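None of these values were measured; they are calculated from a predicted model.
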Amino acid sequence: MEIRFFPIEFVHKIREDKPYIYMYGKLEDNTKICVIQEYQPYFYAQVHESHKTQLGERLKALEVETNEGKAKVVSWESVEKELLGKTKSFWKIYTNFPKAVQLISNELSSWGIECYEKDVPFVHRYLRDQKITPMTLVEVKGEFIEEKNTRVPIFIAEEVKQFSKEAIKQLKTLAIDIETYSPEKSVIDPEKNPILMIAFYGMDEEGQEFKKVLTWKRFKSRLNYLETVTDEIELLVRCRQIILDYQPDIITGYFSDGFDFPYIKTRADKYKLKMDLGLDYSELNTGKKTDFREGKTKITGILHLDVFKFIRNIFGKNLNTESYSLNAVSKELLGNKKDDVNISELAQAWDNNSEELEDFCKYNLQDAHLTLKLCQKLMYDMIEFSKIVNLPLFDVVRMKFSKLVESYIMKRTIDYNILAPNRPGRNEIEQRMEETFQGAFVYEPTPGLYEDIIIFDFRSLYPTIITAHNIGPEGLCCQCCDEEKRDLVPGDHHYWFCNRKKSFLSKVLERIILRRIDLKRLIKETKDKGEETNILDARSYTLKTLANSFYGYMGFFGARWYSIECARATTAFARDYIQRTIKKAEESGFQVIYADTDSCFLLLGDKIKDEAMRFMNEVNFDLPGHMELEFEGHYPKGIFVALKGSDKGAKKKYALLDDDGEMKITGFETIRRNWSPLAKGVQEEVLRLVLEGHIEEALAHVKEIIKKLKKGEIALEKLIIKTQITKDLRSYSSIGPHVAVALRLLEQGINVVPGMVVEYVIGKGSGLIREKAKLLEEIKPGEYDADYYLFNQIIPAVNSIFLVLGIKEEDIYRDSSQIGLGKFF
DNA sequence: ATCGAGTATAA
DNA sequence: GTTGCTACTCGAT
């Protein structure tokens with residue numbers, strides 16, 4: 001019989017001594033199902049003609065002992081494949097189970113035989129080979145079978161094929177969030193401290209909501225979603241039952257890989273409770289955490305998405321948020337303002353049986369609710385990534401850019417019969433890390449206030465250069481192109497890329513670019529019809545992200561298709577194009593005031609916009625491939641400032657005012673999170689007033705703020721400085737203010753993990769700044785260090801702006817205050 | 001005094 | 001994922 005289903009979650013297992021892929025998913029009527037198919041794992045080996053007979057004998061005899069049985073070679077066949085531009089003959093060697101690939105190939109390597117694609121995860125291999133796209137409708141031929149140990153029907157497939165590219169729309173999702181007992185001045189310790197409450201927030205296919213907060217302390221409350229149990233054991237038992245009863249397609253959490261699930265697992269293990277949530281009755285698997293690998297929690301058959309990971313790894317790049325906390329991200333993405341409670345007071349409220357516990361329950365549920373909404377909001381984007389790289393959503397949301405690009409390239413190897421180069425070993429990585437290359441060109445601006453600025457920029461500069469100049473490792477210094485026809489890379493290095501045979505990477509990249517061009521047209525048509533473009537927008541964003549990552553990928557030391565020459569050539573062409581554009585603008589009579597990588601700022605002067613557009617069209621006339629210079633905008637006013645203590649113009653630091661009076665600030669402290677809102681606010685106001693031509697007001701504004709600052713009237717929230725902790729606290733060689741504060745947080749029992757952003761205020765006193773750095777709860781209003789905020793925050797933030805106008809530092813202080821400035825006169 | 005480590009930002 | 005740029009703090013020389 002034939003059925004159609006949406007595959008969502010994947011595992012592989014040995015069944016009756018044979019390797020099988022298990023695809024958990026849903027039929028079109030939302031019934032859950034698991035489709036299984038036998039599949040043989042394999043890898044490739046490069047075999048010399050003369051060794052073939054001998055090697056065959058050795059492979060037949062080869063056996064490697066493991067605790068899962070003997071790893072063996074099942075069979076092999078000879079295939080032709082292209083490896084970095086050269087077509088060669090390889091053996092495709094099949095093994096008896098997936099893990100055997102690694103063991104057998106290691107053995108062959110020790111015999112001096114080069115092996116390839118030996119580290120491709122089995123599920124990934126299957127999906128690519130079978131051309132099955134997760135989350136889309138797949139048609140399978142086969143039959144239902146009776147199996148033990150399964151919570152859903154099992155269908156064994158003989159044939160599978162993609163039925164449609166349309167992604168699944170109805171997904172039953174459950175968000176989960178836990179609160180734990182964490183008394184002050186103690187480290188988070190799942191061995192010691194219990195889970196106090198667990199919140200669930202679900203939504204089914206029809207949009208029906210499900211809310212519940214479980215807790216094991218009784219207190220007065222009229223919350224209808226509250227369920228009270230006797231103790232933590234029962235809490236965990238109920239937690240298991242709730243998930244099993246609800247049977248979501250997706251379980252989501254915010255940092256649930258790193259916190260909620262490992263915590264639940266640790267507590268359950270402590271009481272020897274089963275957490276057999278898997279659709280095959282398997283236990284919650286929190287994975288192995290090492291120094292290099294983060295933990296992942298997998299529940300067989302239920303897709304666990306850690307929304308935090310997707311945001312941190314991929315989506316966060318196009319957010320403006322200063323931190324990846326649930327609070328900050330929800331605010332930007334959902335526009336919600338979260339009701340906050342001081343979570344460090346939970347332990348105390350718990351011990352005192354306080355009625356405030358109700359607030360913590362509400363807070364707990366709110367977090368689950370926000371997580372659910374974030375997951376739903378990002379679902380299109382996550383699914384698009386999954387579809388485009390053809391991998392399980394579980395893996396995609398946990399990937400970083402390099403893996404994502406590589407997966408996409410790996411998918412394309414099938415279409416072009418290409419063999420993937422191996423990932424670099426330890427030595428190779430070390431060598432690659434020492435290689436550097438020159439980046440983009442940045443024009444040094446002359447400090448000043450400018451009028452009528454026109455900005456042009458190259459659309460997708462790096463991707464279009466790679467395709468237009470056929471950049472790719474295979475065509476490097478080819479011998480097939482005649483010397484006079486070679487497309488030489490600009491600069492001192494004498495090298496070129498073949499212009500007869502298209503390189504694999506540029507073919508792959510061009511497909512992305514072309515698809516995006518089509519898609520943009522479709523989006524426009526759809527919008528014109530007044531229809532929703534959510535999914536198309538997500539797809540366009542995915543393609544753009546992928547295309548933009550190619551250049552970085554080629555220069556990344558861990559890449560399979562690493563090529564420093566390709567990365568070097570990409571930036572070399574880019575520098576050449578932007579410099580030629582600048583020259584051409586000047587030849588056309590425009591004054592160029594700034595340029596950075598792919599953009600060019602010029603002054604309109606006494607010309608009209610049409611003349612600028614004519615210049616742009618002339619540039620475009622000569623551009624190859626998909627390269628294009630675009631009109632970015634017209635700005636009536638703009639300011640460029642000088643380097644500190646110099647009259648040279650600062651690069652990557654300017655502010656513009658557009659036709660609608662909107663300000664666009666680049667590089668200034670205003671947009672940096674490790675400056676106080678006070679300094680940022682003053683700077684932004686000064687920039688605005690100066691650009692609008694109100695210089696006196698700008699100066700007066702600063703003086704006013706300084707007066708308030710000296711009187712101790714500035715609210716503490718405006719003085720908060722946020723700095724990220726980027727590594728383990730113990731490995732800091734120099735203890736900055738942020739590290740000092742983080743160490744105190746640790747003492748209070750707050751889990752300080754890399755990536756966390758700490759907030760502090762500089763308090764009154766003497767000594768190092770780090771000694772004066774205070775947590776918000778450690779300082780009272782007015783007790784801040786006014787001098788610090790004046791000399792280290794406000795003055796540096798506005799000084800360079802005023803200097804452009806000929807206003808010196810002393811002019812800022814004049815009349816603003818009579819105290820504490822003696823040392824400056 | 002000067003320099004490296006650390007943080008953050010632009011493209 | 002890459003390089004480029006500026007400015008500040010800490011801590012060692």
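In this structure, of B/dA10, B/dA5, C/dC8, it is C/dC8 that holds the atom nearest to the side chain of A/Pro796. Which of C/dG1, B/dA10, B/dG6 sits closest to the side chain of A/Lys400 comes down to C/dG1. Side-chain proximity of A/Ser734 to C/dT3, C/dG4, C/dC10: nearest is C/dC10.
Counting non-hydrogen atoms under 4.0 angstrom, A/Thr571 reaches nothing in the nucleic acid. Within 4.0 Å (heavy atoms only), A/Ser549 reaches no atom of the nucleic acid at all. Among the protein residues, A/Phe437 comes within range of the sugar-phosphate backbone only, with heavy atoms under 4.0 Å from sugar or phosphate atoms but none that close to a base. Across all strands shown, A/Leu404 has no heavy atoms under 4.0 Å from either base or sugar-phosphate atoms. A/Gly552 comes within 4.0 angstrom of a nucleotide base, judged by non-hydrogen atoms across all strands. Within the nucleic acid shown, A/Leu768 comes within 4.0 Å of sugar-phosphate atoms alone, with no base atom in reach, counting heavy atoms only. Across all strands, A/Lys651 comes closer than 4.0 Å only to sugar-phosphate atoms, never to a base (heavy-atom distances). As judged by a 4.0 angstrom heavy-atom cut-off over every strand, A/Ala567 is placed among residues making no nucleic acid contact. Residue A/Phe458 is out of contact with every strand shown, counting any heavy-atom pair closer than 4.0 Å. When heavy atoms are screened at a 4.0 angstrom cut-off, A/Tyr462 is found touching no nucleic acid atom at all.
Note on A/Arg744 versus A/Glu778: salt bridge recorded, some NZ/NE/NH1/NH2 to OD/OE distance being below 4.0 Å. Salt-bridge annotation for A/Lys774 and A/Glu759: absent, with no side-chain N of the basic residue lying under 4.0 Å from a carboxylate O of the acidic one. In this structure, A/Glu406 pairs ionically with A/Arg560, as a charged nitrogen and a carboxylate oxygen lie closer than 4.0 Å.
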### Message
With side-chain hydrogen bond (donor to acceptor under 3.5 Å, both in side chains) as the criterion, how do A/Tyr408 and A/Arg412 come out once you've worked through the C-alpha distance, each side chain's angles and the decisive distance to 0.1 Å?
### Response
CA-CA 7 Å; A/Tyr408 181 77; A/Arg412 291 288 173 233; 3.2 Å; yes

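Following rounding to the nearest Å, A/Arg432 (CZ) and C/dT2 (P) show an atom-to-atom distance of 12 Å.
Consecutive Watson-Crick or G-U pairing (both distances under 3.5 Å) extending over three or more pairs maps onto DNA chain B as B:1-8 with C:6-13.
Looking at which nucleotide of DNA chain C each of A/Gln438 and A/Phe556 is closest to, the 5′-most match is held by A/Phe556.
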